[in-house]
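The structure displayed is predicted, hence computed values, not measured ones.
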Amino acid sequence: MSGSENIPPWPEDTTIPHSPAEDVFGVLIGTFLASLGLYVLQQSEAVTGGTAGLALLLTYATPLNFSGLFLLVNLPFFALAIWKKGWTFTLNTVAAVAIVSGYALLHGPMLSLPELNPLYGVPAGNILVGMGLLAVFRHGASLGGFNIVALVAQERLGLRAGYVQMGLDVAVILLALAVVSPLNVLYSALGAVLLNLVLALNHRPERYRA
């Protein structure tokens, strides 16, 4: 008897794909968590990476609000999404970005966070953003910008999305020195590392088929 005969058969794939309703609900939950995390970061006078970080930086430097800026800075990346990911993914991403912008208009009037200590706000905000991104990714969308670049790099080059985005985020964090105090930039850098570790440790497509 050969040794291979004693190896149990590989289990059949019993993965159940997400239904359209589950995808919609998952994106709504993920975008809410991400937008809430960004609001916590803004109230902490901190930043994060990606286009969300760029939008936050611009809110500190201009009188414009986050909602409009987040949509604006993502526009160039939608073309990349169409080219590399197709229309379905792109439309889902446009919808997710728009929903985050919509949620962002609600947090201020509904949730007052005066004097939020960045030692609490920065990790809390980044954890919320990270968990929101995981939900959005798992339901066939992204939050645009660097998320699209990171997902393309993972699928085409075999690189982890979290690590790719971490490298891109460094440049955004460094730009924050122009408008945010050095101490808050340090907190922001550590928070961005935390966010991307959440993605790198949990967003493993080989573990899922749905």
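Of the possible polar contacts, none joining the S188 side chain to the A46 backbone as a donor-acceptor pair under 3.5 Å is found. Between the side chain of N126 and the backbone N or O of L194, no donor-acceptor pair lies under 3.5 Å. Under the 3.5 Å distance criterion, the side-chain polar atoms of T90 are matched with a main-chain donor or acceptor of A81.
At least one side-chain heavy atom of Y39 sits less than 4.5 Å from a side-chain heavy atom of L113. Side-chain contact between L36 and L111 is present, with at least one heavy-atom pair separated by less than 4.5 Å. A heavy-atom distance below 4.5 Å is found between the side chains of L199 and L134. With a 4.5 Å cut-off on side-chain heavy atoms, V47 and V185 do not count as touching. The shortest distance between side-chain heavy atoms of Y187 and L119 falls below 4.5 Å. In this structure the side chain of L195 reaches within 4.5 angstrom of the side chain of L133, judged on heavy atoms. No side-chain heavy atom of T93 sits less than 4.5 Å from a side-chain heavy atom of F77. Two residues are said to be in side-chain contact when any heavy atoms from C-beta on lie closer than 4.5 Å; Y120 and S44 fail this criterion.
A pairwise comparison of heavy atoms in A52 and L38 identifies CB-CD2, 3.6 Å as the closest pair. Here the shortest heavy-atom pairing between G49 and I173 reads N-CD1, 4.2 Å. Closest heavy-atom contact between P118 and P123: O-CD, 3.7 Å. Scanning all heavy atoms of the two residues, the minimum distance from V172 to G53 falls at CG1-C, 4.0 Å. In this structure, S35 and H107 approach most closely via the heavy-atom pair OG-NE2, 2.9 Å. Across S142 and A96, no two heavy atoms sit closer than the pair O-CB, 3.4 Å.
Once rounded to the nearest 0.5 Å, the distance linking CG of L28 with CG of L33 reads 11.0 Å. Note that the CZ atom of R160 and the CG atom of L201 stand 7.5 Å from one another [nearest 0.5 Å]. Taking CD of E45 as the reference point, atom OG1 of T59 lies at 10.0 Å (rounded to 0.5 Å). The NE2 atom of H139 lies 11.0 Å from the OG1 atom of T31; values are rounded to the nearest 0.5 Å.
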Could you walk me through whether L58 and L72 pass the side-chain contact (heavy atoms from CB on, under 4.5 Å) test, one step at a time? CA-CA 11 Å; L58 291 172; L72 184 64; over 6 Å; no
Could you go step by step and tell me if L175 and L57 meet the side-chain contact (heavy atoms from CB on, under 4.5 Å) rule? CA-CA 8 Å; L175 286 174; L57 284 177; 4.0 Å; yes
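The hydrophobic clustering, which links ILVMFWY residues whose side-chain heavy atoms are closer than 4.5 Å, places L143 and V198 together. In this structure, F89 is a member of the same hydrophobic cluster as L75, with clusters built from ILVMFWY side-chain heavy atoms closer than 4.5 Å. Linking Ile, Leu, Val, Met, Phe, Trp and Tyr whenever their side-chain heavy atoms come within less than 4.5 Å puts L41 and V180 in one cluster. Hydrophobic clustering, with ILVMFWY side chains joined whenever heavy atoms are under 4.5 angstrom apart, keeps M110 apart from L105. No chain of hydrophobic side-chain contacts below 4.5 Å, direct or via other Ile, Leu, Val, Met, Phe, Trp or Tyr residues, connects V136 to L91.
Partner Y103 forms a ring-ring contact (aromatic ring centres under 6.0 Å, His included) with one of F32, F66, F70 and no other, that one being F32.
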